[in-house]
Structures are given as structure tokens and as C-alpha cells.
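Quick note: numbers below take in every heavy atom, side chains included, and nothing from hydrogens, waters or symmetry partners. Whatever order the structure lists ligands and atoms in, that order sets their numbers, starting from 1. These figures come from a predicted structure and were not determined experimentally.
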Amino acid sequence: MSKHSFDVVAFGATSFVGQILCRYLLDEFGTGGALKWAAAGRSQAKLEALRASLGPKAAKLPLVVADAADDDALRRLCKSTRVVVSTVGPYALHGEPLVHACVDTGTDYCDLTGEVQWVRRMIERHEAAARASGARIVHCCGFDSIPSDLGVHFVQGEAKRRFGGPCSRIKMRVKAMRGGASGGTVASLMNVVKEAAADPALRKELADPYSLCPPSGAPHARQPEVRTPEYDADFATWVAPFVMALVNTRVVHRSNALSGHAYGADFVYDEAMITGKGPLGGLAATAFTAGVAGFVAASAIGPLRAGLERFVLPKAGQGPSPEAQRTGFFDLRFLGTTANGRKIRAKVTGDRDPGYGSTGKMLGQAAACLALDVGKAEKAGGFWTPATIFGDRLVERLTARAGLTFETLPD
Ligand SMILES: NC(=O)c1ccc[n+]([C@@H]2O[C@H](COP(=O)([O-])OP(=O)(O)OC[C@H]3O[C@@H](n4cnc5c(N)ncnc54)[C@H](OP(=O)(O)O)[C@@H]3O)[C@@H](O)[C@H]2O)c1
């Protein structure tokens, strides 16, 4: 008989993405079924409104009230469940007390953060205690960085099967995607820009591709990075920088380091956006690069940032409409090359907008995988990545139940 009331508690259930997550958990697991779960947040009234909005099927959904700054309430929450899945962000502002409570109580945890500087801080401050308590902490379980991290894991599994060893070089190119941003994502991004603008050491850390790798034995291979428009002969197209690469590449390198360099000590990985062939593709790459650079520059200047936040960008609780989530998608292409030049092409796709419709499903399946599939005896306490703790099991869940595909392509 489990000492816990729940398998999973969804903390931040009333956030924009938390509501999508709860609807998905309800569709997938109902209430009181194979996965016992509860919705948690700081306001009883908002939680009750959420439960009502989910319809009669949610009538018996348990609710848990806790504030992200109330250590006692967080510890009670952690003791009631085997896994906490959190969408309370910006994580750098609100996330640490919950990670601390999970680590203290040996409770497993996953989230949606893409704030690399915060992940690094959490590893530095809490990894030793997580190892001691048995808490498994898995950050970055949304669009950043599951498709990249599991996409590389998938390509490397295929390379080992076909060639007996890993690819030493993998490129990920975003072929197409459609979606938008939410207020929470914008707030998290703005907070990183604000922290970095005030701290040169943080800017240096954010530029380090190995910033999430354990300090001992970090590899030293020089990592390529698409920072300007360039022609990519391997994909016969122009490419531009991909903003999420700054998160995804760090997670992929941590996966390599945690797996004892299963991808090789000199493994090289980068990501970029495909903008098209011919002069129009080149023009689009230039325009996109200039747009991203302009946005980052404007966000780093206080008054311009305030103007963007006030007049242009979505506010807390806002995000893409249900229709935009339903008609959104993503299509990522991978090219792996072994040291002796053998190649594998693959693609990873999702059937909803990347940041919300698909992310809600990826996060829900990550939480279920942590609660139901991966025993503590198999994976000990510590800070894991999606690929190193879930691997093929999450690929299977996402393919069977969350609208993702992972497939190899002819060369
Ligand atoms: N990795 C990815 O692919 C991905 C995709 C989407 C989102 N995200 C991240 O997910 C996070 C949430 O995004 P969102 O757009 O859903 O945000 P949001 O709608 O602005 O929601 C933020 C949530 O935090 C809660 N909160 C704030 N302070 C709290 C406190 N002291 N105690 C308890 N709860 C508190 C809010 O509670 P109330 O509801 O009571 O106000 C709200 O539910 C962001 O960090 C975003 O960057 C990541």
C-alpha cells in the first residue's frame, strides 16, 4: 500500500499551460484510475474554477492549495505524492523552494523550464541532497528540450544498431513549425535577458555549450553554432539561428555527459531553422536573424523591454487560442554522421503547436513515465535529463499517446 495519496500532483494547474496539462491528464487518465493525480495552485477559488471548466468528468479531481513561497505547504504537498510536475514560472523567480522541498522529501519532480541559468543553479545547490534523498529531478520536459534530447537519443540508438557506434556529429534543423508564445514564456525569457544584461559572468555562462555538464570530465570539442544566415549544404537550404538552441544544445550535452559520453567525448551538435532554398531562402534567413537580434537587443534595454511587455507581448495567463494549438505543429529534421562518414537522417514531428498543445502532452507523459515506468532502483536520485532518465520509454509513450513521431528517413 503506497504511503502517498497521489502519483502525480500538477502544481501551477491554473497557469496557461497548466490548464492544458490538466485537460490532457484528465483525457488520458480520468480521475482515480491508473494514475492518481491532483491539481494544485495557490488559489482555492481559481482551482475550483479550473475544475468546473474541465467538465463533469473532473468532478472528483482532488485539489491542493500551496503557495510557491510557503515552505511548509510545499513540504506537505510533496509528502502527498510520488511526483510533482510544475508549471509555475518564471522558474528563476518562483521555482527553487519547490525543488528544495522535493529534494528534501525524496519526491520526484519534472517541469517545463528552459531557463538554463536556473537549472545550473539548481544542480549546483541541490544535486548532492537529491542523490542522498532519492529525488529524481527532471527539468526541460516541454518543447525545450524533449524533441531535441529524445531526437538525438533516437538517432544515436539507430546509429548503434546500424553501424555499431554513435554519430560523432548531429545537426537538428527546424523544417517547419507553427505556434505562438504565452505570457509565462515571455516573462521567463525577459527574466533571463534582464539577469544577463546585469551580469557579465552570466553572459559568459549562457554562451558555454557545456554549462549544464558536470565540471569533471566535461568534453572540450568545439561546438558549432548558427549565429548568422548561412547555407547548409547537407540540407541544401539556407538556415538561420534557432532561439531554443541555447537551451536544447545544453541539455543534449548534459545527456551525453551523464551517459558516460555514450555519444562520444568529441560529440558535436547544433540546431538551426530552415528558411528555404535560393535567394528568397537567403533573404528570409537574413530577415529572421535581424528580427531575433533586434528583439534581444530591445529586450536588454529597460524602457524598451517595459514597452514590449506592456503593449506587444502576451500577458500572464494569455497564450495561443485552442484553434491555434489544434492547427499548430512542428517538424524537426536530424542528420547524424559517424566519424567515418556514414549517415542517418531522421525526423521528429508533433501534431499540436510546439509550446502549448504539444508541450502539455509531453509534460503529462513525462510525469506519468516518472511515476509509473522508471523505478527508483533503476534510476537513482539526482538531476537527470529526459533522454537519460526516460529514453525509449518516453519515445514510446509520446508516439503512442501524445501525437509525436520519431522516424528514420532515406538518405
Ligand atoms: N519548455 C517549454 O516548452 C515551455 C512551454 C510553455 C511554457 N513554458 C514555461 O512554463 C511556465 C508557465 O507558463 P504559462 O504561460 O503557463 O504561465 P502563466 O500562465 O503566466 O502562469 C504562471 C503560473 O504561476 C503561478 N504562480 C505565480 N506565483 C505563484 C506563487 N507564489 N505560488 C503558486 N503559484 C504561483 C500562477 O498562479 P495563478 O494562476 O494563481 O496566478 C500561474 O498559474 C513559464 O515558465 C514558461 O516559460 C515552457
Side-chain angles (χ1 to χ4, degrees), residues 9-24 39-51 53 63-74 77 84-98 101 110-119 138-150 177 179-193 242-248 250-251 309 313-320 324-325 328 330 332 350 352-364 366 385-386 402 404:
V9 170
F11 186 53
T14 54
S15 68
F16 185 79
V17 71
Q19 295 179 48
I20 297 168
L21 169 69
C22 288
R23 197 168 288 281
Y24 179 65
R42 62 179 161 176
S43 154
Q44 176 78 28
K46 278 183 102 171
L47 286 168
E48 281 172 11
L50 164 73
R51 182 165 61 185
S53 77
L63 306 176
V64 180
V65 177
D67 191 284
D70 180 342
D71 292 333
D72 291 339
L74 293 177
L77 184 152
V84 181
V85 50
S86 174
T87 61
V88 174
Y91 293 87
L93 301 181
H94 304 300
E96 183 164 9
L98 177 59
C110 57
D111 72 21
L112 277 187
T113 188
E115 296 153 66
V116 174
Q117 88 289 9
W118 180 72
V119 171
V138 197
H139 297 299
C140 306
C141 292
F143 182 61
D144 37 314
S145 297
I146 280 185
S148 298
D149 199 28
L150 288 186
M177 65 179 198
S182 70
T185 297
V186 166
S188 301
L189 190 70
M190 288 302 180
N191 187 58
V192 178
V193 174
F242 177 48
V243 275
M244 297 303 175
L246 283 171
V247 183
N248 297 334
R250 281 52 176 164
V251 173
E309 284 170 333
L313 299 168
K315 313 273 177 303
Q318 297 176 344
Q325 291 169 39
F330 62 85
L332 312 181
R352 294 280 188 280
D353 77 302
Y356 304 93
S358 260
T359 280
K361 297 198 279 185
M362 287 188 257
L363 183 62
T385 58
L404 269 75

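Looking only at side-chain heavy atoms (C-beta outward), Phe330 and Leu404 come within less than 4.5 Å of each other.
At distances below 3.5 Å, at least one donor-acceptor pair connects side-chain atoms of Thr359 with backbone N or O atoms of Pro354. Looking at Tyr91, its side chain does come within 3.5 Å of a backbone N or O of Leu112 through a donor-acceptor pair.
Ring geometry for Phe242 against Phe143 counts as perpendicular: the plane angle is over 60°, on a 0 to 90° scale with 30° as the lower cut.
The distance from atom CZ of Arg250 to atom SG of Cys140, rounded to the nearest 0.5 Å, is 12.0 Å.
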Apply side chain to side chain donor-acceptor pair (under 3.5 Å) to Ser182 and Thr185, showing your working. CA-CA 5 Å; Ser182 70; Thr185 297; 3.3 Å; yes
Between ligand 1 and the protein, find all N/O pairs closer than 3.5 Å and give the distance for each.
residue: ligand 1; atom: 1 (N); partner: Leu112; partner atom: O; Å: 2.8
residue: ligand 1; atom: 1 (N); partner: Asp144; partner atom: O; Å: 3.2
residue: ligand 1; atom: 1 (N); partner: Asp144; partner atom: OD1; Å: 3.1
residue: ligand 1; atom: 3 (O); partner: Phe143; partner atom: N; Å: 3.0
residue: ligand 1; atom: 3 (O); partner: Asp144; partner atom: N; Å: 3.4
residue: ligand 1; atom: 3 (O); partner: Asp144; partner atom: OD1; Å: 3.0
residue: ligand 1; atom: 15 (O); partner: Ser182; partner atom: OG; Å: 2.5
residue: ligand 1; atom: 15 (O); partner: Gly184; partner atom: N; Å: 3.1
residue: ligand 1; atom: 16 (O); partner: Ser15; partner atom: OG; Å: 3.4
residue: ligand 1; atom: 16 (O); partner: Phe16; partner atom: N; Å: 3.1
residue: ligand 1; atom: 16 (O); partner: Val17; partner atom: N; Å: 2.8
residue: ligand 1; atom: 19 (O); partner: Phe16; partner atom: N; Å: 2.9
residue: ligand 1; atom: 19 (O); partner: Gly317; partner atom: N; Å: 3.2
residue: ligand 1; atom: 28 (N); partner: Arg42; partner atom: NH1; Å: 3.4
residue: ligand 1; atom: 31 (N); partner: Asp67; partner atom: OD1; Å: 3.0
residue: ligand 1; atom: 32 (N); partner: Ala68; partner atom: N; Å: 2.8
residue: ligand 1; atom: 37 (O); partner: Arg42; partner atom: NE; Å: 3.3
residue: ligand 1; atom: 39 (O); partner: Thr14; partner atom: OG1; Å: 2.6
residue: ligand 1; atom: 39 (O); partner: Lys46; partner atom: NZ; Å: 3.1
residue: ligand 1; atom: 40 (O); partner: Arg42; partner atom: NE; Å: 3.0
residue: ligand 1; atom: 41 (O); partner: Arg42; partner atom: NH2; Å: 2.8
residue: ligand 1; atom: 41 (O); partner: Lys46; partner atom: NZ; Å: 3.2
residue: ligand 1; atom: 43 (O); partner: Ser15; partner atom: N; Å: 3.0
residue: ligand 1; atom: 45 (O); partner: Ser188; partner atom: OG; Å: 2.8
residue: ligand 1; atom: 47 (O); partner: Ser188; partner atom: OG; Å: 3.0

